[in-house]
Chemist: 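Got a structure here, written out as structure tokens. Questions coming.
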Amino acid sequence: MSGVREIMAVDAQTMLLMTNGIALVAAAFLFMEWRALREAFLLSFALGFSSIVIGSSLSTMRQEGSFVVGVWIANSMVPLAHLAFLHGAAAFAGRRIAPAWFLVPVASCLAMGLSLMDEAGTLRDQLMSLFNAGAVAVLSLKAASVLPRTSGTGASETRMLAGTFLIHGSFYTVKTLCAFAPGAFVDLSSYAGTMIVVSLFEGALVAVALAMSIAAALRRRREGHVIRLAESDPLTGLYNRRGFENRVQTLAEGGTHGRGALLLIDIDHFKAVNDRFGHQEGDRLLVSLAEYLQLRCPGSAIVGRLGGDEFAVLLPGFDEASALDLAQALCRSFGGNETSGRDTPGTLSIGCAAVEFPAADLPAAYLRADRNLYDAKSKGRGRASIGANLGPSPVQPPVYAPFTPRALSRVANG
């Protein structure tokens, strides 16, 4: 029996050392990433792993006879680490946790401290294990619940993170229920007890799983950030040409059926605005138009700046008549106090075209809208057009470019 206990003690110490090493590497990595990115969830998880490192380091003192430091204080670091993990999970999901959750590690620490008053070793150890495991179970299950259950980009990493917390919380729930089971917790000082060794093994696996999940989520977020930069217009914050095309393509391939409309928008005499007032005023005008379109267009609209003073809006669910009504309203009210709070030079010309989903004729819709924009300009600018009398275009858009350049419109119109 003593030989078995010696093997279990050695195994427990080895697993504790492994957990400490994993947590140390994870904490250092997350701290460095937090310094670079300033993401709140990275700092929270880094603090959580740091707490595990501190607790694991202090736990070595239990074998030197310091039960208070090696067991009570060391074990108190575990709920504190899981509070940091809960905060990190909430920050990762863009949520906040109630202040009451910060009392859980405090209550656990105080309860374990009260159990020190019991001099009977086994009962004392069982009570401490009960309070410690209960706090970890509650915090872990709460962390699993705050993570979103979504599909799409990044969903696999989020599911892995939530699943890790769920399994970890479930294990600690069982550990709590087994606190008074014979042989489960025999002696915390020497790691004697089946549940103690199993818990250390589970802790090493959870540390690895959490580190892998966070690293994968961080990589996915970086990829998303790069994509957003590549698809965003730096001046206005709208989608650029690439981003607009990708969003429209995603909508077309996502099973959307029915009607829609496309608006192509130009600022009239934009070059004159730049020449007369300077490029700074021209940039301000572009930003004002971007804000104006986001304010006036419905939430389902896809709004982008294609380049220069050319903007595009895709309106799912709109027919040509309703799109023309919206376009005319945009033309009427742009240039006044409704945009940026002060008078804005310039008027809008807008070309409208119908789009059918699934959008097999989307390139042709771009061409029709561009021709209708030319029609609006030819009729005096400051207006919208659906080009009812224009007939079909004799020029087919190139298959490699869904957006038709202005030059192609002029060719199509002779």
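No experiment lies behind these values; they were computed from the predicted model shown. Side chains included, hydrogens not; waters and symmetry mates left out as well; all remaining heavy atoms used.
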Chemist: Could you walk me through whether Ser385 and Tyr374 satisfy the side-chain hydrogen bond (donor to acceptor under 3.5 Å, both in side chains) test, starting with their C-alpha distance in whole Å, then the side-chain angles of each, then the deciding distance to 0.1 Å, before giving a yes or no?
Modeler: CA-CA 9 Å; Ser385 172; Tyr374 180 85; over 6 Å; no
Chemist: Quick one: which of Asn372, Asp375, Asp268 gives a side chain to side chain donor-acceptor pair (under 3.5 Å) with Ser349?
Modeler: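 Exactly one pass, corresponding to Asp268.
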Chemist: Determine, using ring centers only, whether Phe85 and His82 are less than 6.0 Å apart.
Modeler: yes
Chemist: So does Arg368 pair up with Glu320, basic N to acidic O under 4.0 Å?
Modeler: no
Chemist: So do Tyr172 and Val138 actually touch side chain to side chain, heavy atoms under 4.5 Å?
Modeler: no
Chemist: Between Ile265 and Leu293, does the side chain to side chain contact (heavy atoms under 4.5 Å, CB included) criterion hold? Intermediate values first, please.
Modeler: CA-CA 10 Å; Ile265 304 168; Leu293 292 176; 3.8 Å; yes
Chemist: Apply the test side chain to side chain contact (heavy atoms under 4.5 Å, CB included) to residues Val208 and Leu205: give CA-CA distance (whole Å), side-chain angles for both, the deciding distance (0.1 Å), then the verdict.
Modeler: CA-CA 5 Å; Val208 173; Leu205 293 180; 5.9 Å; no
Chemist: Is there a side-chain contact between Phe311 and Leu286, using heavy atoms and a 4.5 Å cut-off?
Modeler: yes
Chemist: Indicate the ring-plane relationship of Phe45 and Phe165, choosing parallel, tilted or perpendicular according to the 30° and 60° boundaries.
Modeler: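 Plane angle under 30°, so parallel.
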Chemist: Could you tell me whether Phe270 atom CZ has more than 12 heavy atoms of other residues or ligands within 6.0 Å of it?
Modeler: yes
Chemist: Strictly distance-based, threshold 3.5 Å: is any side-chain N or O of Arg95 a donor or acceptor partner for the main-chain N or O of Val146?
Modeler: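 Yes: the side chain of Arg95 pairs with the backbone of Val146.
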Chemist: Please test Leu348 against Ile267 for side chain to side chain contact (heavy atoms under 4.5 Å, CB included), starting from the C-alpha separation and ending with a verdict.
Modeler: CA-CA 5 Å; Leu348 301 180; Ile267 300 176; 4.0 Å; yes
Chemist: Find out whether Arg124 and Phe67 are in side-chain contact, i.e. whether some heavy atom of one side chain is under 4.5 Å from a heavy atom of the other.
Modeler: yes
Chemist: Ser44 side chain to Phe41 main-chain N or O, any donor-acceptor pair under 3.5 Å?
Modeler: no
Chemist: What's the shortest heavy-atom distance between Ala312 and Leu264, and which atoms?
Modeler: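 Where Ala312 meets Leu264 most closely, the heavy atoms are CB-CD2, 3.7 Å.
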Chemist: Taking the side chain as every heavy atom from C-beta outward, state whether Thr173 and Thr176 have any pair of such atoms under 4.5 Å apart.
Modeler: no
Chemist: Side chains of His168 and Val136: does their closest heavy-atom pair fall under 4.5 Å?
Modeler: yes
Chemist: Closest heavy-atom contact between Leu127 and Ser115?
Modeler: CB-CB, 3.7 Å
Chemist: Counting N and O atoms only, with roles assigned by atom type, does the side chain of Ser322 sit under 3.5 Å from a partner on the main chain of Phe318, one being a donor and the other an acceptor?
Modeler: no
Chemist: Among residues at least two apart in sequence or on other chains, which ones pass side-chain hydrogen bond (donor to acceptor under 3.5 Å, both in side chains) with Ser129?
Modeler: none
Chemist: Looking at Glu245 and Arg242, is there a salt bridge between them, counting it only when a charged N and a carboxylate O are closer than 4.0 Å?
Modeler: no
Chemist: I want to check something: taking the side chain as every heavy atom from C-beta on, are Arg381 and His269 in contact at a cut-off of under 4.5 Å?
Modeler: yes
Chemist: Any side-chain heavy atom of Met212 sitting closer than 4.5 Å to one from Met160?
Modeler: yes
Chemist: I'd like a table of donor-acceptor pairs (distance under 3.5 Å, sequence neighbours excluded) in which one partner is a side-chain atom from residues 96-110, with atom names and distances.
Modeler:
{"unit_1": "Ser108", "atom_1": "OG", "unit_2": "Phe131", "atom_2": "O", "d": "3.4"}

Chemist: Find out whether Leu43 and Phe31 are in side-chain contact, i.e. whether some heavy atom of one side chain is under 4.5 Å from a heavy atom of the other.
Modeler: yes
Chemist: Is it true that, when you exclude Arg219 itself, more than 12 heavy atoms of the residues, nucleotides or ligands shown sit nearer than 6.0 Å to its CZ?
Modeler: yes
Chemist: Report, one line per pair, each donor and acceptor closer than 3.5 Å where one atom sits in a side chain of residues 231-239; sequence neighbours left out.
Modeler:
{"unit_1": "Glu231", "atom_1": "OE1", "unit_2": "Arg247", "atom_2": "NH1", "d": "2.9"}
{"unit_1": "Glu231", "atom_1": "OE1", "unit_2": "Arg247", "atom_2": "NH2", "d": "2.9"}
{"unit_1": "Glu231", "atom_1": "OE2", "unit_2": "Asn246", "atom_2": "ND2", "d": "2.6"}
{"unit_1": "Ser232", "atom_1": "OG", "unit_2": "Arg228", "atom_2": "O", "d": "2.5"}
{"unit_1": "Asp233", "atom_1": "OD1", "unit_2": "Arg305", "atom_2": "NH1", "d": "3.1"}
{"unit_1": "Asp233", "atom_1": "OD2", "unit_2": "Thr236", "atom_2": "N", "d": "3.0"}
{"unit_1": "Asp233", "atom_1": "OD2", "unit_2": "Thr236", "atom_2": "OG1", "d": "2.6"}
{"unit_1": "Asp233", "atom_1": "OD2", "unit_2": "Arg305", "atom_2": "NH1", "d": "3.2"}
{"unit_1": "Thr236", "atom_1": "OG1", "unit_2": "Leu238", "atom_2": "N", "d": "3.2"}
{"unit_1": "Tyr239", "atom_1": "OH", "unit_2": "Arg247", "atom_2": "NE", "d": "3.2"}

Chemist: Considering all heavy atoms of both residues, which atom of Leu326 and which atom of Arg296 are nearest to each other, and what is their separation?
Modeler: CD1-O, 4.1 Å
Chemist: What are the two closest non-hydrogen atoms of Ala93 and Pro148, and how far apart are they?
Modeler: CB-CD, 3.5 Å
